[in-house]
Undergrad: 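There's a structure below that I have some questions on.
We count ligands from 1, going down the list as the structure has it; atoms in each ligand are counted the same way.
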Amino acid sequence: MTATESEAPAFPLAATGCPMDPPPLLGELRRDKPVTRVTLWDGSRPWLVTRHADIRAALRDPRLSSDVRRHGFPFLSAAQAEAIGEALITFVRMDPPEHTAQRRMLTQEFIVKRMEAMRAEIDATVDALLDRMTATASQADLMEAFALPLPSMVICRMLGVPYEDHAYFQKRSQMVQDTTAAPQDVNTALGELAEYLVRLAGEKAEKPGDDVISRLVAEQETPGRLSRHEVAGMALNLLIAGHETTANQIGLGVLALQQQPGQWGKLVADPELVPAAVEEILRHQSIVPTGLQRVAREDMEIGGTVIRAGEGVLLQIGAANRDPDAFDDPDTLDIERNAHRHMAFGFGVHQCLGQPLARIELQSALAGLLRRLPGLRVAKPLEELDFRHGGNIYGLFTLPVEW
Ligand code: HEM
């Protein structure tokens with residue numbers, strides 16, 4: 001290891017150790033160098049922050065910006081840096097007050113009350129998918145048969161996107177999340193997705209339905225608050241954010257419950273534990289391997305370290321969720337612990353807008369599997385499973401199961 005590498009390890013950190021745990025180096029950094037420089041693909045050296053308390057404070061601090069247009073924003077790959085075009089700059093990558101105004105246009109769509117009203121429909125979708133999965137076989141790829149289609153169907157319904165087109169946008173949305181993909185491929189995928197959604201928004205303008213895109217067109221585009229491209233950009237963000245996140249969290253969650261002795265059986269015996277189990281899965285299994293990206297707007301301190309204006313900051317929520325100062329015995333998955341202080345959905349003004357939906361999907365998926373397939377087993381040893389390394393979202397390509 002050269003001096004630079006030991007001072008500022010290459011980031012994302014190499015995936016070593018158990019695929020169900022963050023890389024061991026992350027734990028060492030959290031203990032010894034909780035705010036430290038790392039080296040990105042372009043040679044830039046942003047700060048990596050790993051302690052729960054530091055990240056919580058930083059995510060509240062308005063001196064840290066989410067604005068990708070700001071000099072020093074820590075892009076995680078060439079593809080990400082080049083692909084940040086018009087289509088991707090929505091409120092996720094903006095700061096208040098611009099962020100506040102745009103986020104507010106969607107908050108009504110995701111309020112807990114509205115999401116709870118969707119619970120019965122989500123339960124019915126879970127049942128229909130499990131009917132199909134179990135009709136003729138006693139084994140399946142849980143990702144393909146269940147974990148991916150569930151959130152996909154739900155977000156399509158909410159947005160008013162025809163589910164028949166899911167193969168088209170699933171392929172492209174996976175490409176957009178892949179930090180190892182060639183920049184031009186990511187750009188092409190983004191362009192095609194944006195074009196698809198612009199066309200769909202046009203159709204909704206002509207013939208509105210009871211869905212998010214129709215309401216964005218009627219309530220924001222028509223009075224001139226958003227352009228059609230901005231409507232498509234917001235829809236694109238929701239489509240991407242609503243897909244791979246929940247799907248991979250379901251896959252990793254089922255696997256983690258099966259790996260930790262006794263946890264699956266405990267849930268089968270007492271399904272009332274499902275909501276707590278979902279929080280513990282969110283804490284224990286981070287699908288955001290790279291951390292939340294920010295750039296300092298002015299000089300500031302994080303955990304006693306001075307960060308200069310224009311320097312990038314990566315807030316590693318996966319490491320925070322395994323911080324022994326925040327959770328006892330953090331590496332053990334324990335569905336009976338109180339995990340509510342986890343930061344799987346982030347914290348502060350950008351905290352996940354879709355979290356009420358994600359929670360219901362995760363609870364419904366898990367409850368359905370426990371009810372219908374209490375004897376479910378993962379059909380391959382951990383070493384033979386196909387984990388998604390190298391993307392913005394961690395998870396599994398496939399999860400072979402039998403029952
Ligand atoms: C298990 C599932 C999910 C996880 C772990 C997750 C995680 C996160 C995290 C960590 C953030 C904060 C990003 C930041 O601060 O930079 C975020 C933001 C966001 N998420 Fe999720 N998410 C999930 C599911 C969803 C779903 C289902 C939707 C919508 C359909 C969604 C929509 C969003 C949006 C729109 C934002 C941006 C909020 C803002 O910037 O104000 N997410 N999510």
Side-chain angles (χ1 to χ4, degrees), residues 49 55-56 58-61 64-68 73-74 76 80 88-107 109-111 114-115 118 122 147-148 150-159 161 173 177 211-213 216 233-253 278-295 312-318 320-321 339 342-366 392-395:
V49 185
I55 294 178
R56 210 171 158 91
L59 283 171
R60 259 203 191 115
D61 195 322
L64 276 187
S65 166
S66 285
D67 193 334
V68 282
F73 188 89
L76 296 168
Q80 202 189 50
L88 262 195
I89 304 183
T90 59
F91 61 101
V92 183
R93 301 295 194 196
M94 290 173 183
D95 294 331
E98 220 181 350
H99 163 265
T100 326
Q102 283 209 5
R103 180 170 166 131
R104 206 171 277 153
M105 295 175 185
L106 286 170
T107 42
E109 302 290 348
F110 287 95
I111 50 171
R114 195 165 201 151
M115 293 296 102
M118 280 182 67
I122 294 173
L148 273 163
L150 174 67
S152 182
M153 285 171 162
V154 172
I155 195 69
C156 283
R157 266 300 309 272
M158 274 189 77
L159 291 175
V161 170
S173 109
Q177 313 261 16
D211 57 65
V212 176
I213 297 182
L216 282 175
M234 275 201 185
L236 176 58
N237 246 282
L238 293 176
L239 201 59
I240 294 176
H243 247 97
E244 308 284 328
T245 46
T246 313
N248 283 290
Q249 197 77 66
I250 293 172
L252 287 175
V278 163
E279 298 312 309
E280 176 64 347
I281 286 167
L282 285 160
R283 180 194 74 80
H284 194 260
Q285 290 301 314
S286 179
I287 56 155
V288 188
T290 45
L292 306 183
Q293 297 155 266
R294 299 290 189 268
V295 56
V313 178
L314 298 163
L315 303 162
Q316 234 299 349
I317 50 177
N321 287 342
H342 72 71
M343 283 191 283
F345 291 123
F347 191 65
V349 294
H350 286 280
Q351 194 172 29
C352 180
L353 179 67
Q355 65 179 291
L357 174 62
R359 280 205 164 92
I360 293 174
E361 288 176 331
L362 289 165
Q363 291 170 4
S364 177
L366 194 51
N392 286 344
I393 306 273
Y394 187 61

Undergrad: Could you find the nearest protein heavy atom to atom 26 (C) of ligand 1 and give me its residue, atom name and distance?
TA: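 Going atom by atom, the protein heavy atom closest to atom 26 (C) of ligand 1 ends up being Ala241 O, 3.6 Å.
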Undergrad: Show which atoms of ligand 1 fall inside a sub-4.0 Å distance from at least one heavy-atom site of Ile287.
TA: 5 (C)
Undergrad: Give a yes/no on ligand 1: does Leu315 have at least one heavy atom closer than 4.0 angstrom to it?
TA: no
Undergrad: So between Ala344, Cys352, Gly318, Gly242, whose heavy atom ends up nearest atom 33 (C) of ligand 1?
TA: Cys352
Undergrad: As an exercise, identify every atom of ligand 1 less than 4.0 angstrom from a heavy atom of Val349.
TA: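 Atoms satisfying the 4.0 Å criterion: 41 (O).
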Undergrad: Do Met115 and Met158 come within less than 4.5 Å of each other through their side chains, counting heavy atoms only?
TA: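 The answer is yes, as the side chains (C-beta and beyond) meet within the 4.5 Å cut-off.
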Undergrad: Do Asn248 and Tyr394 come close enough that some side-chain heavy atom pair is under 4.5 Å?
TA: no
Undergrad: Has the side chain of Ser364 got a donor or acceptor atom that lies under 3.5 Å from a matching backbone atom of Glu361?
TA: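 No.
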Undergrad: Under 4.0 Å from a heavy atom of Ala358: give me the atoms of ligand 1 that qualify, with their elements.
TA: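 Heavy-atom distances to Ala358 below 4.0 Å select 2 (C), 24 (C).
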Undergrad: Looking only at protein heavy atoms, which one is nearest to atom 6 (C) of ligand 1, and how far off is it?
TA: Phe345 CD2, 3.7 Å
Undergrad: Looking at atom 12 (C) of ligand 1, what's its closest protein heavy atom, distance included?
TA: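 Here the nearest protein heavy atom works out to His350 O, 3.5 Å.
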Undergrad: State, with a plain yes or no, whether a side-chain heavy atom of Met343 is found less than 4.5 Å away from one of Gln351.
TA: no
Undergrad: Give the residue, atom name and distance (to 0.1 Å) of the protein heavy atom nearest atom 36 (C) of ligand 1.
TA: Leu353 N, 4.0 Å
Undergrad: Applying a strict 4.0 Å limit to heavy atoms, is Phe347 in contact with ligand 1?
TA: no
Undergrad: Among all protein heavy atoms in this structure, tell me which lies nearest to atom 13 (C) of ligand 1, with the distance rounded to 0.1 Å.
TA: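 Checked against all protein heavy atoms, atom 13 (C) of ligand 1 sits closest to Leu292 CD2, 3.9 Å.
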Undergrad: First locate atom OG1 of Thr246, then atom CG of Leu150, and finally report the distance between them rounded to the nearest 0.5 Å.
TA: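 Output value for this atom pair is 8.0 Å.
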Undergrad: How long is the gap from CG on Leu59 to CG on Leu292, to the nearest 0.5 Å?
TA: 6.0 Å
Undergrad: Looking only at heavy atoms, which two atoms of Leu239 and Val161 are closest? And how far apart?
TA: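 Residues Leu239 and Val161, closest heavy atoms: CD1-CG2, 4.5 Å.
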Undergrad: Heavy-atom contact under 4.0 Å between Ile317 and ligand 1?
TA: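 Yes.
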Undergrad: Look at the side chain of Thr245 and the backbone N and O of Ala241, then say whether any donor-acceptor pair between them is shorter than 3.5 Å.
TA: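 Yes; at least one donor-acceptor contact below 3.5 Å.
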Undergrad: Can you sort out which atoms of ligand 1 are near Gln249, meaning under 4.0 Å from one of its heavy atoms?
TA: 1 (C), 5 (C)
Undergrad: Measure the shortest side-chain to side-chain distance between Phe91 and Asn237 over non-hydrogen atoms and say whether it is less than 4.5 angstrom.
TA: no
Undergrad: To check your reading of the model: name the closest protein heavy atom to atom 30 (C) of ligand 1, its residue, and the distance in Å.
TA: Ile155 CD1, 3.3 Å
Undergrad: Looking at ligand 1, is there an atom of it that comes within less than 4.0 Å of some heavy atom belonging to His99?
TA: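 A heavy atom of His99 does come that close to ligand 1.
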Undergrad: For atom 14 (C) of ligand 1, what's the nearest protein heavy-atom neighbour? Residue, atom name and distance, please.
TA: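 Sorting protein heavy atoms by distance from atom 14 (C) of ligand 1 puts Arg294 NH2, 3.4 Å first.
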Undergrad: For Val92, is the nearest heavy atom under 4.0 Å from an atom of ligand 1?
TA: yes
Undergrad: Geometry only, no angles: is Arg103 polar-contacting ligand 1 at N/O separations under 3.5 Å?
TA: yes
Undergrad: Of the non-hydrogen atoms in Val295 and Asp67, which two are nearest, and what is the gap between them?
TA: CG1-O, 4.2 Å
Undergrad: Go through the steps to decide whether Val288 and Ile393 satisfy the test side-chain contact (heavy atoms from CB on, under 4.5 Å), and finish with yes or no.
TA: CA-CA 5 Å; Val288 188; Ile393 306 273; 5.7 Å; no
Undergrad: Tell me, please, whether Phe347 has Arg56 positioned over its six-membered ring: NZ or CZ under 6.0 Å from the ring centre and within 45 degrees of its axis?
TA: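 Verdict for Phe347: a cation-pi partner in Arg56.
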Undergrad: Suppose we measure from atom 28 (C) of ligand 1 to each protein heavy atom; which comes out shortest, and what is that distance?
TA: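 Going by distance alone, atom 28 (C) of ligand 1 is nearest to Gly354 CA, 3.5 Å.
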